[in-house]
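Data block below; observations after.
Positions are given from 1, in the same order as the sequence printed here.
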Amino acid sequence: MPGGRLTQQERQQIALGLADGLAYAEIARRLDRPTSTISREVMRNGSPTAYRADLAHRATERRARRRRQPAARGPQPPEQAHGRDPEAVREYEETFTTLLMQQGVPKMMSRVLTCLLTTDAGSLTAAELVGHLQVSPASVSKAVAFLESQGLIRRERDERRRDRYLVDDDVWYQSMMAAARSHAQLAETARQGVAILGTETPAAVRLENIARFVDFVAESITRAAEQARDILHNRTQATSGGTAAPRADQHPESGSGG
């Protein structure tokens, strides 16, 4: 964690800041810490409304003790390939997990999804997930069932007839299309209120403006998702700065312009 691990006093300041309704960025500024450090700390230890400094500090100490303990028998996390820094990978996984949690995905489901997204193999068995995350098989079973029900992952049988879980490339396209449908439904419902409240009333005008705005956003999402869908299947090598990703206006079906 940048600047060293959080102290108990810093955690108390985080708790006070949350109680005062301060944003993560403001708490981070007061502690001279990165905002990501604060958001990760809070989401890892409950939520803005459930964070407790003493419980968070004890949980961190327990995690630190587990890392210092000799390796236990049973499934173990896979070794890092390609010369990766294990600590940097672990920190990145926590960052990505925190982001998913902030977007409404439950904690264990976020951990499993992050694990699948960051594996080179593209899929993992339940035993491999248990080993990597160091959690119980029941926790993994519950998480994958939820993720399957949401269409975020799917399972397939490998040559040894084991269930493997993987994230489809098209999941992100389907997610964007679902968001567009949700926006369209919101626009339709807003317009129902226009007729009920009277077309010339301030409330009806407000709802009509909302409907027009949401309609535009939904159409933009749909158009952009369709144009950029092939990017999800792009196998070109990524760059560290992400500059190699093709833009929507470079989609192979969009032509060269002019």
Side-chain angles (χ1 to χ4, degrees), residues 14-15 17-28 34-52 55-56 59 63 90-119 122-124 126 129-130 132-136 138-155 165-190 210-211 213-222 224-225 228-229 231-232:
I14 291 173
L18 293 172
D20 289 340
L22 298 181
Y24 292 152
E26 177 59 21
I27 297 173
T35 302
S36 61
T37 296
I38 306 303
S39 63
R40 187 164 57 241
E41 165 69 15
V42 174
M43 298 308 295
R44 184 193 295 168
N45 295 286
S47 67
T49 56
Y51 182 82
R52 298 293 182 272
L55 297 179
R63 287 193 292 267
R90 185 185 65 79
E91 289 288 345
Y92 175 74
E93 288 177 347
E94 290 185 358
T95 297
F96 204 103
T97 296
T98 299
L99 175 63
L100 292 174
M101 291 168 61
Q102 290 172 340
Q103 295 182 353
V105 183
K107 183 175 181 179
M108 183 52 62
M109 292 65 173
S110 296
R111 294 189 67 197
V112 169
L113 188 55
T114 296
C115 192
L116 289 170
L117 286 169
T118 55
T119 180
S123 66
L124 293 169
L129 286 166
V130 167
H132 183 86
L133 298 173
Q134 295 291 281
V135 295
S136 69
S139 296
V140 168
S141 178
K142 182 178 179 180
V144 296
F146 171 85
L147 293 170
E148 276 192 288
S149 71
Q150 298 299 307
L152 294 172
I153 68 172
R154 64 181 176 86
R155 76 172 71 193
Y165 301 97
L166 64 154
V167 180
D168 270 327
D169 290 335
D170 262 359
V171 160
W172 307 106
Y173 167 79
Q174 297 297 343
S175 175
M176 289 297 172
M177 297 302 287
R181 289 192 295 271
S182 177
H183 286 352
Q185 184 178 12
L186 174 58
E188 180 182 352
T189 304
I210 291 172
F213 171 80
V214 174
D215 265 343
F216 180 84
V217 171
E219 291 170 4
S220 299
I221 290 174
T222 300
R229 188 175 187 179
I231 294 175
L232 293 170

Could you walk me through whether M109 and L113 pass the side-chain contact (heavy atoms from CB on, under 4.5 Å) check?
CA-CA 6 Å; M109 292 65 173; L113 188 55; over 6 Å; no

Is it the case that atom CE in M176 sees more than 12 heavy atoms from other parts of the structure closer than 6.0 Å?
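No.
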
What's the spacing between E219 CD and H183 NE2 if we round to 0.5 Å?
12.0 Å

Check whether [X] reaches the backbone of [Y] with its side chain - one donor and one acceptor, N or O, closer than 3.5 Å.
X: T114; Y: S110; answer: yes
X: T95; Y: E91; answer: yes
X: S175; Y: W172; answer: no

Run the side-chain hydrogen bond (donor to acceptor under 3.5 Å, both in side chains) check on T98 and R44 step by step: do they pass?
CA-CA 7 Å; T98 299; R44 184 193 295 168; over 6 Å; no

Between E148 and Y165, is any side-chain donor less than 3.5 angstrom from a side-chain acceptor?
no

Run through V135, L129, L124 and flag the one making a side-chain contact (heavy atoms from CB on, under 4.5 Å) with V112.
L129

Shortest non-hydrogen separation from [X] to [Y] and the atoms involved:
X: A190; Y: A211; answer: CB-CB, 4.1 Å
X: A25; Y: T35; answer: CA-OG1, 3.6 Å
X: A180; Y: I221; answer: CB-CG2, 4.1 Å

